[in-house]
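Reading through the structure tokens given below for one structure.
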Amino acid sequence: MPRARVNGVELFYEVTGKGDPLVLVHGSWVDHHSWDAVALRLAESYRVLVYDRRGHSRSERPPGQGTRTQDEDDLAALIETLDLAPAHVAGSSFGGSIALGLATRRPDLFRSLAAHEPPLPGLVEGDQEAQAARLRLDAVFADIRGGDHEAAARRFVEEVVSGPGEWDRVPESVRETFIANAPTFLDEQSDPAWALVDLPRLAAGYTGPALLTTGSEGMPWFPGIVATLAKALRGARVVTLEGAGHVPHLTHPDAYVDTLTAFLDS
């Protein structure tokens, strides 16, 4: 099991395939296995890196309050340590937020940038749907603090990003990962800067190719975030994945791969 000591933390990672480097950054609650349905096909054309972010599954979970900036620095250090720069970087959910945050500071590490539904509600302050989602998150946090990690995970899936009944459709192995990584989700959301990205700095600093995606069945607060990001990322390609929601690489892997590779190939 390959591991790298970067930015003061030990991270588990896997690299498969040959070609230009493509780094996949997973979202909250999950780990590198969330990319399993798409990684092998992507590895037919790219050298694909997946990893467990700090605090998730096989990677180290350091004590104390963490920050998204630490995750960004982890990503930067991993790209440099494995000699992958510049790389295509694709992030899902909070992984998309990490990729966007790093692009504002280290655009030199990127060949291209892709993000699916990054949860950055601070970009749409006043949006009623985003405000309602943040209130529902408070109930998720209360469950985690109370030690009921399974209730927290169910509430997050069914009330924040998907809908009623979706938790029971999640494979058991994925549900177990959610429950195990619940404390890290609370830690991430305790970072005061988790909901924002520096738009002026992003607009000025990152001028490379960008792909921003949403799912047609996703929560209604994501399109506003993506539209705001698209204004900052001049020339960004914006795509709605029909029939998909917040995790298209799990539920609609072929559509996700087709969309991503069409962007990368262009």
Side-chain angles (χ1 to χ4, degrees), residues 6-9 11 20-28 49 51 53-55 65-82 84-127 129-131 133-134 137 185 187-214 221-239 246 260 263-264 266:
V6 297
N7 193 33
V9 67
L11 301 179
D20 290 340
L22 169 60
V23 182
L24 303 177
V25 190
H26 69 78
S28 300
L49 166 67
Y51 69 106
R53 295 195 288 106
R54 64 167 58 212
Q65 175 60 51
T67 66
R68 198 185 72 217
T69 299
Q70 288 177 320
D71 274 290
E72 296 168 10
D73 291 341
D74 291 349
L75 174 58
L78 195 57
I79 290 172
E80 292 181 313
T81 296
L82 299 179
L84 300 179
H88 301 294
V89 179
S92 171
S93 188
F94 199 80
S97 301
I98 292 167
L100 287 159
L102 181 59
T104 67
R105 300 187 292 122
R106 293 293 310 276
D108 57 297
L109 297 178
F110 290 75
R111 295 188 186 210
S112 70
L113 166 65
H116 181 78
E117 295 190 343
L120 296 165
L123 300 183
V124 288
E125 287 292 350
D127 181 283
E129 292 290 348
Q131 290 177 340
R134 295 184 82 158
L137 278 173
F185 178 71
D187 181 76
E188 289 172 348
Q189 303 295 295
S190 298
D191 174 10
W194 76 270
L196 286 167
V197 68
D198 188 336
L199 285 179
R201 189 174 180 186
L202 178 64
Y206 183 78
T207 58
L211 171 68
L212 301 170
T213 56
T214 61
W221 52 289
F222 284 117
I225 293 170
V226 167
T228 301
L229 288 166
K231 291 178 182 178
L233 293 167
R234 295 179 296 276
R237 184 179 301 183
V238 179
V239 177
H246 193 54
L260 181 60
F263 163 69
L264 297 178
S266 68

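We count residues from 1, following the sequence as given.
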With sequence neighbours excluded, tell me which residues meet side chain to side chain donor-acceptor pair (under 3.5 Å) with R237. S266
Might you point out which heavy atoms bring T207 and A204 nearest each other, and give the distance in Å? CG2-O, 4.3 Å
Please report, to 0.1 Å, the donor-acceptor pairs under 3.5 Å made by any side chain of residues 88-96, with sequence neighbours excluded.
residue: H88; atom: ND1; partner: S112; partner atom: OG; Å: 2.7
residue: S93; atom: OG; partner: H246; partner atom: NE2; Å: 2.8

How many angstroms lie between atom CZ of R68 and atom CG of L102, to the nearest 0.5 angstrom? 10.5 Å
Between atom CG of D187 and atom CD of Q65, what is the distance when rounded to the nearest 0.5 Å? 4.5 Å
From I79 CD1 over to D74 CG, what is the distance, rounded to the nearest 0.5 angstrom? 11.0 Å
Heavy-atom check, side chain of E188 versus side chain of I98, under 4.5 Å: no
Could you tell me whether the side chain of R106 and the main chain of D73 form a donor-acceptor pair under 3.5 Å? no
Under the salt bridge (charged side-chain N to carboxylate O under 4.0 Å, His left out) test, residues paired with R111 that sit two or more places apart: D20
Using side-chain heavy atoms (C-beta onward) and a distance below 4.5 Å, is Q70 in contact with D191? no
For the CG atom of L113 and the CG atom of L202, what is their distance to the nearest 0.5 Å? 7.5 Å
Let me see the working for L229 and L199 under side-chain contact (heavy atoms from CB on, under 4.5 Å), right down to the final yes or no. CA-CA 7 Å; L229 288 166; L199 285 179; 3.9 Å; yes
Checking side-chain contact (heavy atoms from CB on, under 4.5 Å) against L49, which of L24, V23, V25, L75 comes through? V23
Where is the tightest heavy-atom contact between L100 and A115, given as atom of each residue plus distance? CD1-CB, 4.2 Å
Would D71 and R53 count as a salt bridge (charged side-chain N to carboxylate O under 4.0 Å, His left out) if you check the C-alpha gap in whole Å, the side-chain angles of each, and the deciding distance to 0.1 Å? CA-CA 7 Å; D71 274 290; R53 295 195 288 106; 3.2 Å; yes
Sidechain-backbone polar pair: Y206 side chain, F110 backbone, donor-acceptor under 3.5 Å: no
Heavy-atom side-chain contact between L84 and L109 under 4.5 Å: no
Closest non-hydrogen atoms of L137 and Q189, given as atom of the first, atom of the second and distance, are CD1-OE1, 4.0 Å
Out of curiosity, W221 CH2 to Q131 CD, how far, rounded to the nearest 0.5 Å? 12.5 Å
Are P209 and F263 packed together at the side-chain level, in the sense that at least one heavy-atom pair is separated by less than 4.5 angstrom? yes
How long is the straight-line distance from OG1 of T104 back to CD of E72, given to the nearest 0.5 Å? 6.0 Å
Do you know which of L233, L123, L212, L120 makes side-chain contact (heavy atoms from CB on, under 4.5 Å) with T228? L123
